[in-house]
Protein chains: 2
Amino acid sequence: MKTKERNSSTAQLDELDQHVGYALRRAQLAVFADFIAGQRGPVARPGQFSVLAVIGTHPGITQSQLCAALGIKRANLVAVIDQFESLGLARRLPSATDRRSNRLQLTSAGQRALQSARSAQARHEARIVKLLGAEGRRELLELLAKLCELKRS
Amino acid sequence: MKTKERNSSTAQLDELDQHVGYALRRAQLAVFADFIAGQRGPVARPGQFSVLAVIGTHPGITQSQLCAALGIKRANLVAVIDQFESLGLARRLPSATDRRSNRLQLTSAGQRALQSARSAQARHEARIVKLLGAEGRRELLELLAKLCELKRS
DNA sequence: TATTGTTATACTCTATAACTATA
DNA sequence: TATAGTTATAGAGTATAACAATA
């Protein structure tokens, strides 16, 4: 005898469902949950994956550069790299030209973990295509990119 | 002499920018920031706004029903309602039929706060339409709704 | 037995300030 | 002076377990 739906993902919120911010938050939670559920290896979370992937494609990148690329704070990267090092996935190497900064590299275990995470990511993305269609997904990415321009105004 | 962009919102992440989850997270942060920046009254955060709005459109709703509608945990709603009560925006009224539950209502100050928050929300949504176009926004809402079906699989 | 609201607690993510060692 | 990495800390947001009152 509930007057409301009890399943949060099917709730009728009339007003709120027409708000881009609200729809965006709900969709992001669903997509992240699907991403996480599909990951097998030691790198299960979106934040960890993005760090691992950028180190993989930019070996030798410094922590500050990595933070700038991902839009995260230097202070918050430290624990992530600490964890990667303790898992044997990445290394901090001294820079030859600037003794303040660390150059980041994946170990071979890190490269394998990245490969595995990328496969899971590809399957995750395929589930999205199944829902939206390839064209729908492309449109979505375009619309989302436009939304980021809100930051500059 | 940076090799990467230093502004997080313009960073070139090659691989990551093609990931729906990543694009979704970045867009959501930008949209929430714009929403928050535009709010004036005591209810500045998206989570607070959604609670206030649902009480406003469903006066007499119980805390459990509200949680089910928004997909949040009962334990986490308590502090929000406490805050609304201390700000004089909402009231907990005893239910006539079930002495376990509280029926939630906005005070007149709460209704004014909701009205003000809705105006700011409308201006926020208008900025989004300016970026995406009315049709782009409609498409976006449809695509986001589809993504939520990931939860059921 | 099950549900409502509540407390306590913990974990993640994010943000700031301040320190050190370098530049 | 300014920057890179680090520490400490604090605030949101979210999650679970357990309890008292009530169904």
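So that the names make sense, note that chain A is the first sequence line, chain B the second, and so on, each numbered from 1.
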Under 4.0 Å protein heavy-atom contacts per nucleotide of nucleotides 14-23 of chain D, with B for base, S for backbone only and - for none:
BBB----BBS
Per the side-chain hydrogen bond (donor to acceptor under 3.5 Å, both in side chains) rule, what does the pair list look like for residues 31-41 of chain A, sequence neighbours excluded?
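Output for this query lists A:Asp34-A:His124, A:Asp34-A:Arg127.
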For residues 45-67 of chain B, which residue pairs qualify under salt bridge (charged side-chain N to carboxylate O under 4.0 Å, His left out), counting only residues two or more places apart or in two chains?
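Non-adjacent pairs meeting salt bridge (charged side-chain N to carboxylate O under 4.0 Å, His left out): zero.
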What integer distance in Å separates [X]:[atom1] from [N]:[atom2]?
X       : N      : atom1 : atom2 : result
A:Leu77 : D:dT7  : CG    : P     : 12 Å
B:Arg26 : C:dT14 : CZ    : P     : 10 Å
A:Phe84 : D:dG5  : CZ    : C1'   : 17 Å
B:Phe35 : D:dA12 : CZ    : P     : 16 Å
B:Gln83 : D:dG13 : CD    : C1'   : 14 Å
A:Arg45 : C:dT14 : CZ    : P     : 10 Å
A:Gln63 : C:dA21 : CD    : P     : 17 Å
A:Gln65 : D:dA4  : CD    : C1'   : 11 Å

[X] side chain near [N] phosphate (N/O to OP1/OP2, under 4.0 Å):
X        : N     : value
B:Arg92  : C:dT6 : yes
B:Ser64  : C:dT3 : no
B:Ser101 : C:dT3 : no

Where at least one partner belongs to residues 61-120 of chain B, residue pairs that pass ring pair (Phe, Tyr, Trp, His ring centres under 6.0 Å), sequence neighbours excluded:
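For residues 61-120 of chain B, and leaving out neighbouring residues, there are no ring pair (Phe, Tyr, Trp, His ring centres under 6.0 Å) pairs at all.
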Mind checking whether A:Leu114 and A:Ile55 have side chains closer than 4.5 Å, heavy atoms only?
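A:Leu114 does not reach A:Ile55 side chain to side chain.
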Side-chain touch B:Ile128/B:Leu140, heavy atoms, less than 4.5 angstrom:
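In short, these two side chains do not touch, never coming nearer than 4.5 Å.
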May I ask you to say what A:Ser95 touches in the nucleic acid, namely base, sugar-phosphate or nothing, with a heavy-atom cut-off under 4.0 Å?
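Counting heavy atoms under 4.0 Å across all strands, no contact is made by A:Ser95.
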Mind checking what makes salt bridge (charged side-chain N to carboxylate O under 4.0 Å, His left out) contact with A:Glu125, not counting sequence neighbours?
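Testing A:Glu125 for salt bridge (charged side-chain N to carboxylate O under 4.0 Å, His left out), a comparison that skips the adjacent residues, returns A:Arg137.
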Contacts of B:Thr62 that satisfy side-chain contact (heavy atoms from CB on, under 4.5 Å) - sequence neighbours left out:
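Here the qualifying residues are B:Ser64, B:Gln65, B:Ser101, B:Arg103.
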